[in-house]
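Taking it in order: structure first as structure tokens, then the write-up.
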Amino acid sequence: MDSNGSSLHRSQSLASGLEKTSPSRTKPAPSHSSSTLSSPHSRQIIKDWEVMDDLQAEIQTGSENPEVLTTPGRCEGYLLKRRKWPLKGWHKRYFVLEAGILRYSKNQQDVSRGRVQGSLDVSLAVMSINKKSNRIDLDTGDILYHVKAKSHELFYIWVTKLQAHRLYKKNKTSFVHSSLLQTLFHTSSAGQAHGNGDLSSAGTEDPAGRSGVPPSASTAVNTKVSAWLRQSHDPDTCVQELNRCDLDLSELNRLIQRLQALETGHTFTNGDLQRIISIQNLSLEKPKKLKSGKIRGHSRTLSRVEALGMPIRGISKSLSSSHLSSSAHLGASVPSIPDYVYSQLSPPTVLTPEGKKIQQDICAMSLRVLASLKSVHETLSLERQKLQEAWEANNLHQPNLLDVPAPSLGPPSVTDSAAEYFDASDNLLWGSSSEVSDESGLSDGSTTNSEPEEGHASTTRKYRASISRSPNNVVPKSTGRRTTLPAPCPDNSHVGLMAILYNNIGKDLARVSMPAALNEPVNLLQRLCEELEYSELLDTANNTPDPFQRMVYIAAFAISGYTTATFRNRYKPFNPVLGETYECIREDRGFHFISEQVCHHPPISACHAESENFSFWQDQRWKNKFWGKSLEIFPTGMVNVTLSRFGDHYEWNKVVTCIHNVLSQQRYLEHYGEVTIQNLKNNVCTCKITFVKSRYWGSDTNKNEVQGTVLDQSGNVIHRFGGFWHEGIFCDTLPMPKCIWKPNPQPKDYLLYYGFSTFAMELNELDPDLKPLLPSTDTRLRPDQRMLEEGKVSEADKKKDEIEEIQRVRRKELAKRGQEHIPRFFKKAKDSSGRDVWLTTGTYWDLRENPGFASLDNLTLW
Ligand SMILES: CC(C)CCC[C@@H](C)[C@H]1CC[C@H]2[C@@H]3CC=C4C[C@@H](O)CC[C@]4(C)[C@H]3CC[C@]12C
């Protein structure tokens, strides 16, 4: 087991960093792993936070219980929504909860205009509440909302409504699911067909249902559309258009119902309609009286089934020819049954003026929906064509210029700066939740200004296009290092993380052994070295006389350290044991690097690298917050770089990394927040980099987006750059605008090898010439990690337990003697701002040289 523990291995990391609940104490979130546990259904209360019970869908396959599908009432109103970044604080937003979906807009007008800022399926969310502060948190794994009600009353209303909608949506989904299964597998007997074999009734029965499409089907469509949009360059307009469409459709639904009510004097819901049709189909009689609905319709199934020539028992019986011919009012020319029913519903009376008005509205609205869909279709076709062309062009021509001509974006301006792109016009609520007491003092969000966002979206698109046109780095000539690992990674999808955490409730997770199959064969000391994969950017910076341009390269370097996250979310690095060290000499890159695990509580890894051009150091530690499905990592500690030629000392912070869906196989990483790079030598220039948080459910255009500006002393924007941390960075304000950084292409079969880059593959390589020179504490000599690398997973597992036991014994002995562990190559100091930092003692390379680690006393770690 890992005793030093990264976030997921220690109750300390998981629970102490937690404001509220450790995952082991909540009900298990619906895990996608095979070892999901049964829900304990207990409401856990930790520090005023309660995690609401996991709702069990009440509909069982084959059961017939339409009551549980009654749509709970719509709930809407203003709530405060917390935003961490950008523009941190509580913002007043208008929320609408309908049919299990929670949407929000800036204000009520925006809702009617169809400007939805975000939406979330409440049945998929872990819901935690804090009664004291009226707070509700919803975490779906992908989306995380922190909201707060203004009063206790409102809070209770929202909690009750949310629970009702969660239950409703869960039931509905499982109902549709079982219906779908039955339809697909065609197993329905007549009775079942009445009950829930009817897809269309399941889909349309809900008056708030937007389009009559079953939720499962619409989810599938959404997934497809968003997957497509992810690849497309111009989806913003599509998303807006589709959001508008969505709202128009619900409005249409409402209008139609009103019209029906008006003309027949009775309000028919879609459900009523279905039931009427259903009764008609079975009895072929005019509806005498609407029974309050226990009978589930299947007329559409019937017509579809008939069309497909599929007989269904019971139904075909009721439609026997003798029955048909004996039906007095149907006669020889039998009108279609639904037509008949509709004709009963809308008698051919002359429309009232109000009815006419509604009809006109329906026509206008329908035309709008049609126009929207047409425009979406056009945009998508165009995008497809563009992509096709780009793809073909890319395959035909090999670009040979490194510098790509800049897109004409105009000079940088402060209005264009990243800080202003997002919700520029928001009125903010600064400060902590307790400071917010009076809603009257809040923004009603009525001022909207979408212009900067649109401008921003097009700039981003241009950056992306320029980056993709830039050639990849020249593949370096063989370095003589390995290009693959000895064994492919083990499949760990069967390891139920939730089960591990849940089975160890109450225990210090540092004492819980985690299977080695969850690990990747590098550790956190080596991952620090991985941040130097693009060290050539620091070399370039040291050869760039202009301080502003120099800063652009430093910024690109700071961003490049995050790119490994793209493919590295399935495994976690080994936790170094206290006193473990790692060295890395890269003659080809001109640097040598060392790192050491310097502290156990909290775990701190310190590192230092030297080259002709630069020095690089940092000590890495972080805090976690677990929200039920996602885990946020807040690194503390600063990164430092000095450049030899100019004597610059750059210092910057790190952003938040969020592991979305941490307990499931759909896990992925997102970085968000702002980095400020300062030059401690002088304040000629500073740099601000923004890691954009993905915001809209359907829009992936800004996924992994990064924007940055280099500012002079008076805050003027001198350079701007942007792009994506997984694709590259383009700067259009340099004398020769260019792509300043692009990740190296991944090696062949990288997915079989933990998603490692070539550089990562090389980290744990143990050259026979190197072996005698290493101190025995070097990670390369750590046996469990080596075993894992070689594919010996169960041996690695056993060894890992042993190593952790050795560390425990050593710690106890030290404690007994009243001693503290003293790191060997790093010492604690204070930086210029008074923060604790770990700096190199500068002795490693000298000792290595003379007398050599073999003749020195080294700690025995394994
Ligand atoms: C259950 C398992 C397999 C989940 C996998 C967890 C992985 C993805 C987690 C565990 C520890 C995490 C790392 C911890 C600390 C940092 C430093 C931060 O500045 C950048 C992100 C980075 C580098 C994290 C990336 C994600 C990470 C590697």
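Atoms within a ligand are numbered from 1 in the order they appear, just like the ligands themselves.
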* To do: Could you see which bit of P573 sits under 4.0 Å from ligand 1, with heavy atoms only: side chain, backbone, both or neither?
  => side chain

* **Polar side-chain atom of Y582 near backbone of L763 as donor-acceptor pair, under 3.5 Å** => yes

* Asked: Has H671 got any heavy atom lying under 4.0 angstrom from an atom of ligand 1?
  -> no

* Between V495, N492, L518, I659, flag the one that comes closest to atom 9 (C) of ligand 1 by a heavy atom. => I659

* Using a 4.5 Å cut-off on heavy atoms from C-beta on, say whether the side chain of Q746 contacts that of T566. => no

* **H608 side chain near F826 side chain, heavy-atom distance below 4.5 Å** => yes

* NZ or CZ of R586 within 45° of F593 ring axis and under 6.0 Å -> no

* A565 near ligand 1, heavy-atom distance under 4.0 Å? -> no

* Asked: Who gets closest to atom 28 (C) of ligand 1 by heavy atom: R568, R527, K572?
  -> R527

* To do: Heavy-atom contacts with K654 under 4.0 Å: which atoms of ligand 1 show up? List them by number with element.
  => 19 (O)

* Structure fact -> If we number the atoms of ligand 1 from 1 as shown, the ones under 4.0 Å from a heavy atom of Q620 are 17 (C)

* To do: Check whether the ring centres of F616 and F591 lie less than 6.0 Å apart, and answer yes or no.
  => no

* Check the angle between the aromatic planes of Y754 and Y571 and answer parallel, tilted or perpendicular using the 30° and 60° thresholds. => perpendicular

* Numbering the atoms of ligand 1 from 1, which are under 4.0 Å from a heavy atom of R570? -> 3 (C)

* Structure fact -> Short version for Y571: what comes under 4.0 Å of ligand 1, heavy atoms counted, is backbone

* For residues E674 and N653, report the shortest heavy-atom separation together with the two atoms involved. => O-ND2, 2.9 Å

